[in-house]
Colleague: 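Following this message is one structure expressed as structure tokens.
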Amino acid sequence: MRLCQQSKLRLKRPNYFFKNIDSSEATLDTEKGYIINITSEALQRSRNEQGGNNDSNVNLIVSLLNETLFRVSSSSDIEKGNASKDRDPVLHGRNVLGVWLGGKEVHNLSQPVQLRFRNSNENESGLCVFWHLDGDGRGNWRTDGCETSINNGDFVCSCNHLSFFAVLISPQIPEGSHIIHLNYISYVGSALSIAFTALMIVMFLCQRKKQCEHSVFIHVQLSGSLFLLHISFLCSVWFSGQGDTESVCQALGLLLHWCLLATFTWTAIEGFNLYLLLVRVFNIYIKRYLLKLSLVGWGVPTFTVMICGVTKAYGKYSFHVDKENSTATPLCWVTTPMVSYITVNGYLGLVLLFNVAMLAVVLGKIRQLRSQAPQVKDHQRRAWKDWVSLLGLSCALGVPWGLAFFTHFTHPLSLTALYVFTILNGFQGILIFMWFLTLTCQIRKEKQISSKGTIQVSFQSNEEYVTTR
């Protein structure tokens with residue numbers, strides 16, 4: 001009997017808590033990151049519902065339930081709140097907190113009860129919600145009667161009723177105005193990149209006799225894949241907004257996927273070729289080298305999209321990236337998430353790991369050669385040229401594509417990363433062209449006035465130039 005009258009008693013089930021209250025207010029600390037504060041009004045309301053007097057005891061029952069028991073089944077995830085209908089809500093701690101006082105429901109309180117959810121990630125933003133069952137038995141997360149506040153980094157939910165509560169984690173998603181701006185940046189950047197990549201192809205072909213055949217061939221293939229990528233992107237966006245064009249959209253989705261994979265593959269080939277030219281300078285003859293590169297550069301994307309096409313993985317797709325889904329970016333693209341994760345995210349991750357490693361090796365080699373060369377007087381000018389070379393080389397190796405992974409983080413920098421990602425990759429063709437033009441002029445000038453050995457890493461040849469007079 002005494003055991004039942006203790007102020008707090010945890011039963012054998014670790015996620016079930018019980019407290020017998022005989023005072024005007026009560027606080028229950030589950031010691032699992034949840035603290036419940038019951039007001040005197042809630043206690044009095046529960047006593048009245050039970051028909052007891054003002055001094056009668058009230059049982060406070062708290063349970064921690066797994067989020068899998070609360071699956072949204074209606075068309076909207078949350079009413080009067082922020083959630084995306086295309087993905088399940090992310091709940092803080094992956095748990096739902098059930099709070100009950102006495103044997104009957106307690107609601108419409110003027111003094112709300114407070115539920116504290118301890119939070120170790122200060123960058124997260126959340127929304128207090130409760131589980132509401134409709135008349136047909138369907139459930140939704142709602143925010144009626146609950147207010148959300150932050151206290152020392154913890155989420156504090158002040159609600160005028162008792163129910164099953166949770167904190168819906170809200171990622172830092174850009175507003176609709178940002179999405180519109182990002183779309184315009186992408187469209188303008190793609191249009192300009194089409195023009196500049198076409199110009200680069202013409203310039204490469206005109207200078208082919210003067211440069212290394214292998215390097216020029218690879219540069220033309222990369223420029224061609226970028227040219228096709230931006231064209232297919234604009235066509236995909238335009239046709240996705242049309243009416244009955246499902247078959248056309250499937251074809252454009254396949255083409256866009258193929259161009260993107262081809263671009264990734266040729267950036268990896270750029271890194272491989274650069275490694276051969278600057279690190280393994282001797283004994284690098286490979287029989288039918290260009291043919292093998294072509295089979296890899298265009299064959300791997302072709303084989304991949306053929307398999308995806310058989311599985312019917314393409315169609316109209318909408319990117320819902322704002323909180324209320326009022327702004328969506330239509331696109332003819334991969335509609336199967338697993339296919340997109342493996343062939344885009346996974347493949348891009350492997351290419352980036354390889355090219356970043358190649359970039360580090362090449363920069364180390366250039367630094368070693370630079371230390372052996374005579375020192376120049378104009379250090380500021382040399383530093384500026386080095387940064388331009390590094391930016392252009394990074395774009396040629398596809399390093400800016402790595403920012404795509406940072407845009408998924410629930411961090412304030414995700415919006416900045418999204419803008420930087422859109423600008424660098426949308427204008428990638430222009431950046432590579434400017435870098436190529438700058439180094440071309442630089443090489444020609446140094447060939448005319450230099451009387452000592454110089455070492456340049458150029459997009460024209462990606463070779464070590466040593467000029468001695």
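Positions are given from 1 along the sequence.
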Colleague: Where do F421 and P400 come nearest, in terms of heavy atoms and distance?
Modeller: CD1-O, 3.8 Å
Colleague: With respect to P301, which candidate in T265, T263, T343, L260 satisfies the side-chain contact (heavy atoms from CB on, under 4.5 Å) definition?
Modeller: T265
Colleague: Where is the tightest heavy-atom contact between D29 and Y34, given as atom of each residue plus distance?
Modeller: OD1-O, 3.6 Å
Colleague: Does anything in residues 184-198 form a side-chain hydrogen bond (donor to acceptor under 3.5 Å, both in side chains)? List the pairs, not counting sequence neighbours.
Modeller: S190-H230
Colleague: State, with a plain yes or no, whether a side-chain heavy atom of L182 is found less than 4.5 Å away from one of Y419.
Modeller: yes
Colleague: Can you classify the ring geometry of Y347 versus F264 as parallel (below 30°), tilted (30 to 60°) or perpendicular (above 60°)?
Modeller: tilted
Colleague: For F196 together with F433, are the ring centres under 6.0 Å from each other?
Modeller: yes
Colleague: Identify which one of L256, L261, I194 satisfies the side-chain contact (heavy atoms from CB on, under 4.5 Å) criterion when paired with L229.
Modeller: L256
Colleague: Are C159 and C128 close enough that their SG atoms are less than 2.5 Å apart?
Modeller: no
Colleague: Run the ring-centre check on W141 versus H132 and record whether the distance is less than 6.0 Å.
Modeller: no
Colleague: Taking the side chain as everything from C-beta on, heavy atoms only, tell me whether I38 gets closer than 4.5 Å to T27.
Modeller: no
Colleague: Over all heavy atoms of both residues, which pair between V99 and L60 is shortest? Give the atoms and the distance, please.
Modeller: CG1-CD1, 4.0 Å
Colleague: Under 3.5 Å, side chain of N273 to main-chain N/O of I269, donor-acceptor pair present?
Modeller: no
Colleague: Between W401 and Q428, which heavy-atom pair has the shortest distance, and what is it?
Modeller: NE1-OE1, 3.6 Å
Colleague: Sulfur to sulfur, is the gap between C249 and C332 shorter than 2.5 Å?
Modeller: yes
Colleague: Donor-acceptor pairs under 3.5 Å, side chain of residues 106-115 to any protein atom, not counting sequence neighbours: which ones?
Modeller:
from	atom 1	to	atom 2	distance (Å)
S110	OG	E41	OE1	2.8
S110	OG	E41	OE2	3.1

Colleague: With ring centroids as reference points, do F130 and F164 lie under 6.0 angstrom apart?
Modeller: no
Colleague: If the condition is disulfide bond (SG atoms under 2.5 Å apart), which residues does C395 pass it with, not counting sequence neighbours?
Modeller: none
Colleague: Do side-chain atoms of T30 reach the backbone of K32 as a donor and acceptor pair under 3.5 angstrom?
Modeller: yes
Colleague: Got a second to check how far N119's CG is from I150's CD1, nearest 0.5 Å?
Modeller: 7.0 Å
Colleague: Once rounded to the nearest 0.5 Å, what's the spacing between atom CG of L222 and atom CD1 of I218?
Modeller: 9.5 Å
Colleague: State whether a side-chain donor-acceptor pair under 3.5 Å links W258 with T302.
Modeller: yes
